[in-house]
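Data first, discussion second: the structure below is written as structure tokens.
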Amino acid sequence: MAQLPNILIILGDDHGYGDISAHRGPYIQTPNIDRIAENGIRLTQFYANSSVCSPSRAALMTGRYPDRVGVPGVIRTHPNNNWGYFSRDAITLPSMLKQKDYHTSIIGKWHLGLEPENHPCKRGFDHFHGFLGDMMDDYYTHLRHDQNYMRKDLEVIDPRGHATDLFTEWAIDVIRGHAHSSQPFFLYLAYNAPHTPIQPPEEWIERVRQREPDASPERVKYIALVEHMDAGIGRVLDTLEQTGQLSNTLVVYTSDNGGQLNVGATNGDLKGGKGQMYEGGIRVPTCAMWPDGIEKGQVCDNVAMLMDLFPTACEIAGVSVNQEIEGQSILPTLRGENQDFSDRAMYWVRKDGGPSFLGLNQHAVRRGNIKLLHNSPFEPLELYDLGNDPQETSDRAKIGAFREMGELLQTEMQQNGSVPWQT
């Protein structure tokens with residue numbers, strides 16, 4: 001019997017659609033993310049499940065729309081600004097894969113709750129080496145509001161070094177630990193780069209500055225942070241190859257939402273960025289390789305979402321999904337087979353506080369090429385035909401499919417709030 005494939009999902013944090021060299025991002029060089037794409041498939045219309053962090057991660061972990069598992073908004077360390085509680089009833093991807101005896105590890109950023117019951121080791125992971133919180137205030141101290149959220153399994157740790165380097169090293173440790181094992185592994189490597197603060201190592205800033213003298217200082221720092229992460233991804237891929245595990249490992253690279261424009265990111269020609277329901281806020285750079293299972297050199301414009309990785313991984317592992325999920329396996333797409341998503345309905349949500357939201361939501365729905373979005377609870381709905389207007393320049397809300405798309409949004413909204421998002 002052939003050994004089940006290993007599964008490695010690498011998640012960037014706020015990595016903009018335009019900020020890989022395969023998408024011709026200005027000045028940027030990402031040879032290792034490009035290596036995944038060139039040796040497998042690049043997905044040009046792949047979406048995060050929200051315009052911000054926690055909801056997308058909840059969707060990835062469960063195969064569900066994030067509000068269906070209690071995470072409509074960002075889970076934060078301050079209760080008065082917290083907009084989610086990861087439902088104890090939600091079945092996670094690592095718990096599913098353990099049905100086939102996968103060893104399950106998460107390295108890096110969790111961001112799905114600080115409660116003991118929502119620690120990764122209580123949600124299906126055998127091993128956790130990373131950061132529980134929402135973001136770090138410093139890539140070297142790893143603190144958030146002067147609190148230490150770094151853990152090794154259940155133990156509080158205080159490691160030294162840049163977070164990107166630490167997460168790379170810890171992922172390499174996991175891969176090397178399985179080099180002579182017949183047990184397949186699932187590794188979720190969740191970098192916090194290139195999330196703010198934009199704090200790459202100084203030598204990386206200087207390297208980019210010398211190579212790209214025409215780039216702005218802000219852009220140089222952002223590029224350096226991305227390229228430093230890309231180099232870490234290269235080390236992870238090299239370790240898979242050196243240990244003889246690369247050929248039988250599915251490797252996926254993607255991001256939790258679009259790039260933050262005011263810190264030097266770019267989302268290519270797409271409108272908007274992180275925190276917005278325009279394409280630049282939710283469409284993310286995504287590629288996958290699996291030498292034993294995916295033909296190299298593919299580029300595909302099928303529409304898919306982070307939550308689709310859940311049933312895809314389960315199908316690859318031979319695990320039956322019997323619970324209700326909204327995600328759909330894209331394994332046929334990865335294998336170059338025809339998979340028609342032209343009439344698929346997709347939904348995005350974000351709940352938040354502050355003067356921009358006041359506890360209300362932003363939303364979007366898409367069916368085919370038609371997209372209805374509510375970028376702010378205090379602004380009108382907008383309607384775009386992405387087939388003819390991918391940059392979302394011509395609002396067609398007063399004509400066309402507004403009523404139909406509005407009914408679709410209403411149907412999804414009826415489910416919103418059906419799962420509590422507070423303890």
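Residues passing the side chain to side chain donor-acceptor pair (under 3.5 Å) test with Ser356: none are found, sequence neighbours excluded. Remark: Gln323 pairs with no residue by the side chain to side chain donor-acceptor pair (under 3.5 Å) rule, at least two apart or across chains. Applying the ring-ring contact (aromatic ring centres under 6.0 Å, His included) test to Phe357 and every residue at least two apart in sequence or in another chain returns nothing. Residues that satisfy the salt bridge (charged side-chain N to carboxylate O under 4.0 Å, His left out) test with Arg283, not counting sequence neighbours, are Glu279. Applying the side chain to side chain donor-acceptor pair (under 3.5 Å) criterion to Asn118, with sequence neighbours excluded, gives Glu115, Arg123. In this structure Arg235 satisfies the salt bridge (charged side-chain N to carboxylate O under 4.0 Å, His left out) test together with Glu169, sequence neighbours excluded. Looking at residues two or more places apart in sequence or on another chain, you find a side chain to side chain donor-acceptor pair (under 3.5 Å) between Thr333 and Asn302, Gln339. Partners of His129 under the ring-ring contact (aromatic ring centres under 6.0 Å, His included) rule, at least two apart in sequence or in another chain, are His127, Trp170. Checked against salt bridge (charged side-chain N to carboxylate O under 4.0 Å, His left out), Asp269 has no partners two or more places apart in sequence or in another chain. Listed by chain and residue number, His119 satisfy the ring-ring contact (aromatic ring centres under 6.0 Å, His included) test with Phe128 (two or more places apart in sequence, or in another chain).
Put simply, CD1 on Ile223 and CG on Asp230 are 12.5 Å apart, with the number rounded to the nearest 0.5 Å. Interatomic distance, Thr92 OG1 to Ile106 CD1, rounded to the nearest 0.5 Å: 10.5 Å.
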Take His162 and Tyr139, measure what ring pair (Phe, Tyr, Trp, His ring centres under 6.0 Å) needs, and give me the verdict at the end. CA-CA 5 Å; His162 193 281; Tyr139 272 77; 4.8 Å; yes
Applying ring pair (Phe, Tyr, Trp, His ring centres under 6.0 Å) to Tyr17 and His23, what does each step give before you reach the verdict? CA-CA 8 Å; Tyr17 184 83; His23 289 172; 4.3 Å; yes
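The closest side-chain donor-acceptor pair between Tyr27 and Glu227, if any, does not fall under 3.5 angstrom. For the residue pair Gln147 / Tyr149, no side-chain donor-acceptor distance below 3.5 Å is found, with atom types taken as modelled. Side-chain atoms of Glu218 and Ser216 form no donor-acceptor pair, as typed in the model, at a separation below 3.5 Å. For the residue pair Tyr253 / His15, a side-chain donor-acceptor distance below 3.5 Å is found, with atom types taken as modelled. Between the side chains of Asn257 and Ser56, no donor-acceptor pair of N or O atoms lies under 3.5 Å. No side-chain donor-acceptor contact under 3.5 Å links Ser320 and Asn322. For the residue pair Tyr191 and Thr168, a side-chain donor N or O sits within less than 3.5 Å of a side-chain acceptor on the partner. A donor and an acceptor atom, one from each side chain of Asp67 and Tyr347, are located under 3.5 Å apart.
Electrostatic pairing of Lys98 and Asp126 counts as a salt bridge here, judged by a charged N lying under 4.0 Å from a carboxylate O. With respect to the salt-bridge test (charged N to carboxylate O, under 4.0 angstrom), the residues Asp13 and Lys109 qualify. In this structure, Arg35 pairs ionically with Glu241, as a charged nitrogen and a carboxylate oxygen lie closer than 4.0 Å. Using a cut-off of 4.0 Å between Lys/Arg side-chain N and Asp/Glu carboxylate O, Asp389 and Lys271 are scored as not salt-bridged. Look at Arg219 and Asp214 and you find no salt bridge, because none of the NZ, NE, NH1 or NH2 atoms lies under 4.0 Å from a carboxylate O.
Annotation: side chain of Met307 is not in contact with side chain of Met346 (no heavy-atom distance under 4.5 Å).
Of the candidates Val365, Leu383, Ile282, Ile282 is the only one forming a side chain to side chain contact (heavy atoms under 4.5 Å, CB included) with Lys371. In summary, of the residues considered (Leu112, Val71, Asn192, Asp256), a side chain to side chain contact (heavy atoms under 4.5 Å, CB included) with Cys53 occurs for Asp256 alone. Tested against Glu392, the residues Leu373, Asp385, Leu270 include a single side chain to side chain contact (heavy atoms under 4.5 Å, CB included) partner, Leu373.
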Enumerate, atom names and distances included, each donor-acceptor pair closer than 3.5 Å involving a side-chain atom of residues 397-415, sequence neighbours excluded.
residue	atom	partner	partner atom	Å
Thr411	OG1	Glu407	O	3.0
Glu412	OE1	Arg68	NH2	2.5

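In this pair, Trp204 and His228 present their aromatic rings tilted. The plane angle is within the 30 to 60° band. By the 30° and 60° cut-offs, the orientation of the rings of His145 relative to His78 is parallel. Ring geometry for Phe125 against Trp110 counts as perpendicular: the plane angle is over 60°, on a 0 to 90° scale with 30° as the lower cut.
For residues 36-56, the ring pair (Phe, Tyr, Trp, His ring centres under 6.0 Å) pairs, not counting sequence neighbours, are Tyr47-Trp348.
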